[in-house]
Amino acid sequence: MVGSQHQAQPEASMIDQDAPIIRIEALHKWYGECHVLRGIDLDVGRGERIVICGPSGSGKSTLIRCLNRLEEHQQGRIVVDGTELTNNIRHIDAVRREIGMVFQHFNLFPHLTVLENCVLAPIRVRRQPLAEAQATARTLLERVRIADFADRYPSQLSGGQQQRVAIARALAMKPKVMLFDEPTSALDPEMVNEVLEVMIGLARDGMTMLVVTHEMGFAKSVADRVLFMDQGEIIERAAPTDFFTHPQSERTKLFLSQILNHTIGP
Amino acid sequence: MTERPVALPPSRPRGPDAGALGWLRANLFNSWGNTLLTVLILWGLAVILPPLVRWGFLDSVMSGDAAACRAADGACWAFIHEKLLFILFGTYPHDQLWRPGLVVLVFIVLLTVSCDRRLWRHWLAPLWLVGLGGMGVLMAGGVLGLPAVEDSLWGGLPLTLGLATVGLVVAFPISILLALGRRSTLPLVRGLSVAWIELIRGVPLISLLFMASVMLPLFLPTGVTIDKLLRAQVAFILFASAYLAEVIRGGLQAIPKGQGEAADALGLGYWQKMVAIILPQALSLVIPPLVNTFIGLFKDTSLVLVIGLFDLLRTAKSSLSDPFWHGFYREAYVFIGIIYFSFCFFFARYSRWLEANIKHSQKPL
């Protein structure tokens, strides 16, 4: 519904700074028989920070994995910064260059050092000279406070350190959007904060972010909007204050009571 | 009022408490089963070793003629001494033997240089191609004032090393493409790769060699002939590529999906992803089975004798047909056995070192 009034927009139009950087219209996805995304409409503004939460299997990871075509969608449209995601491999590569992604399990390249992890894509994809890419990477590693480990291998780092490297690696491509797929779920509790702090810093610097997470503290402090997904649909979308104090749907209320109780704990 | 003893009884000392005797007790006689095994093995060695040493060293004839050999009980190393050049270099013209000799030398130098990981640079592959090309020219001659030597006269160690090395160097990239092809999402590419691998893997090397030497000429227009050595080489490459492809596919399958996704998400193209991320990890995972296959293929080159090429095994066999030196087959086979073993043992040791070396560089400090 949200997207219907924009459907006439020509694809090759000049990119308007006020236009959403990501536009998702009537998105459907099936895994075989299983209908995992059921009509998602979402516009993401430039610099907007969106937190997506919901029970497991609700389709939230699948949704953000569709945005850089790690998953293929079967129906609907995804337009990222003026480029529509289709089977056209050029479009896919163009979109992937502009979108950084941070994974639950870090997915650092174990045969490369921290620095090599961060310069690989800028050199090979952006064709940056080695020295320039290394300088950028070192600045970013400084920013995620891990510069001292530039020459170590990923296996020599803790989970929290690895995830910070993964953030630096994604930022090295100077993306316009950052996707985070449960970035703290695989971490030991004492390491969650060091990663969240980096993400909060990134949000304060104006990065457009879509974050799938159950860290409600993070959502409260930086999100512009919180989306609640269940069974492949966006059930609720609201500013964090409204989302946490006045959830509209019963499913959201149930989910929040479970997750907040769990967070506070006995 | 505790009943518990204050100190535990001293446990049995585990260290080398009494020098060699303690070591023997701890390692060879520490249980009834092991004692029995130790005794059995010692008995076996006592039965086998003395006659072997007597045959190979004490009673052997190092130099002399066939008559001296026949008079002695031991091995006739004089035979090897006499036939050494023929076994190593086959029917290559006698006055040009420095050429195959130099080829083997250059080969061993190249191999040694390539073992140092610090020298794994971009120039190493071109160096090998230039080296192999140079060796081919040196063997064939016809240029630079070298008399031409037809390849039907080539034989012995250079032939074996050449078949194996050229075969593996050419088959390796093909096998990588086949392994990737078999995992491709494109049905045509996948189908062709599967067909290639399964067809070639499904027949013995010996039948491929026969096909290459007997059947292939039937399909060629009259007057066109392909060199016999080249045909054997092509058959060997086909065979090697199918086997190596399956080993490499095993490595590819062991790489977590997240690695490919991370590369995709960074915008790397398919080949960039494979070359920079997936293959380096997959190949270093499969070093042991890869070297296993290399060793097997190296020894399989000896099958070319069935189509009349003079590889190391064939030259050794032929050297036995000299009427003056009849019947010294044990010596001939032990000798080439040692040559094959030295190369294979070197590969095996090197692969173990390489594996440890690569692992070491990624281990936690």
Side-chain angles (χ1 to χ4, degrees), chain A residues 61 64-65 67-72 87 89-90 92-113 116-127 149 151-158 165-166 169-175 177-181 186, chain B residues 117-118 120-122 176 179-180 183-189 248 250-288 290 351 353-365:
Chain A
S61 284
I64 68 166
R65 287 165 61 89
L67 297 182
N68 61 354
R69 197 68 168 191
L70 290 184
E71 306 283 353
E72 207 174 312
N87 281 324
I89 192 84
R90 284 174 187 284
I92 295 174
D93 284 344
V95 166
R96 283 175 175 169
R97 279 196 290 272
E98 304 308 328
I99 296 188
M101 186 160 198
V102 174
F103 298 87
Q104 182 178 2
H105 295 289
F106 332 134
N107 297 353
L108 292 178
F109 305 131
H111 61 302
L112 302 177
T113 64
E116 287 165 345
N117 262 279
C118 294
V119 299
L120 181 89
I123 289 173
R124 297 202 180 226
V125 180
R126 292 249 191 249
R127 305 274 166 214
F149 299 113
D151 296 319
R152 300 240 187 139
Y153 284 92
S155 60
Q156 297 165 334
L157 306 182
S158 73
V165 173
R169 176 178 71 176
L171 290 176
M173 284 292 285
K174 302 195 171 75
V177 180
M178 284 283 283
L179 307 176
F180 293 83
D181 187 3
Chain B
R117 263 188 93 201
R118 283 169 304 179
W120 288 9
R121 306 247 179 260
H122 290 299
I176 290 177
L180 293 176
R183 288 165 54 81
S184 167
T185 48
L186 307 170
L188 184 69
V189 174
I248 292 167
L252 292 173
Q253 266 163 355
I255 304 302
K257 219 173 126 219
Q259 291 290 307
E261 288 181 350
D264 285 340
L266 285 168
L268 293 169
Y270 177 81
W271 290 108
Q272 291 175 324
K273 170 171 77 174
M274 287 304 160
V275 169
I277 307 300
I278 307 295
L279 282 171
Q281 295 185 58
L283 291 179
S284 72
L285 267 181
V286 293
I287 288 175
L290 214 49
S351 87
W353 175 84
L354 184 63
E355 214 184 326
N357 189 275
I358 286 177
K359 270 211 191 96
H360 177 76
S361 64
Q362 293 170 21
K363 262 213 180 109
L365 289 175

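Lettering of chains follows the sequences in order, A, B, ..., and the numbering in each one begins at 1. As the structure is a prediction and not an experimental result, all values here were calculated from the model.
- In this structure, the portion of A/F103 lying under 4.5 Å from any heavy atom of chain B is its side chain and not its backbone.
- Taking both residues in full, the closest heavy atoms of A/H111 and B/A276 are given as NE2-O, 2.8 Å, listed atom of the first, atom of the second, then distance.
- Nearest heavy-atom pair across A/R96 and B/D264 is CD-O, 3.0 Å.
- Neither the backbone nor the side chain of A/R69 comes within contact range of chain B, judged by heavy atoms closer than 4.5 Å.
- Smallest separation of non-hydrogen atoms from B/Q259 and A/L108: NE2-O, 2.8 Å.
- Only the side chain of A/L70 has a heavy atom closer than 4.5 Å to any heavy atom of chain B.
- Taking every heavy atom of both residues into account, B/A262 and A/F109 meet most closely at CB-CE2, 3.9 Å.
- Across all non-hydrogen atoms, the minimal contact from B/A265 to A/N68 is CB-ND2, 3.7 Å.
- If you take CE on A/M101 and CG on B/L266, they are separated by 11.0 Å, rounding to the nearest 0.5 Å.
- Applying the side-chain contact (heavy atoms from CB on, under 4.5 Å) rule to B/L285 yields the partners B/A254, B/I255; only residues at least two apart in sequence or on another chain are considered.
- Note that NZ of B/K273 is 14.0 Å distant from CZ of A/R124, once rounded to the nearest 0.5 Å.
- Using a 4.5 Å cut-off between non-hydrogen atoms, the part of residues 116-123 of chain A that approaches chain B consists of A/L120, A/A121.
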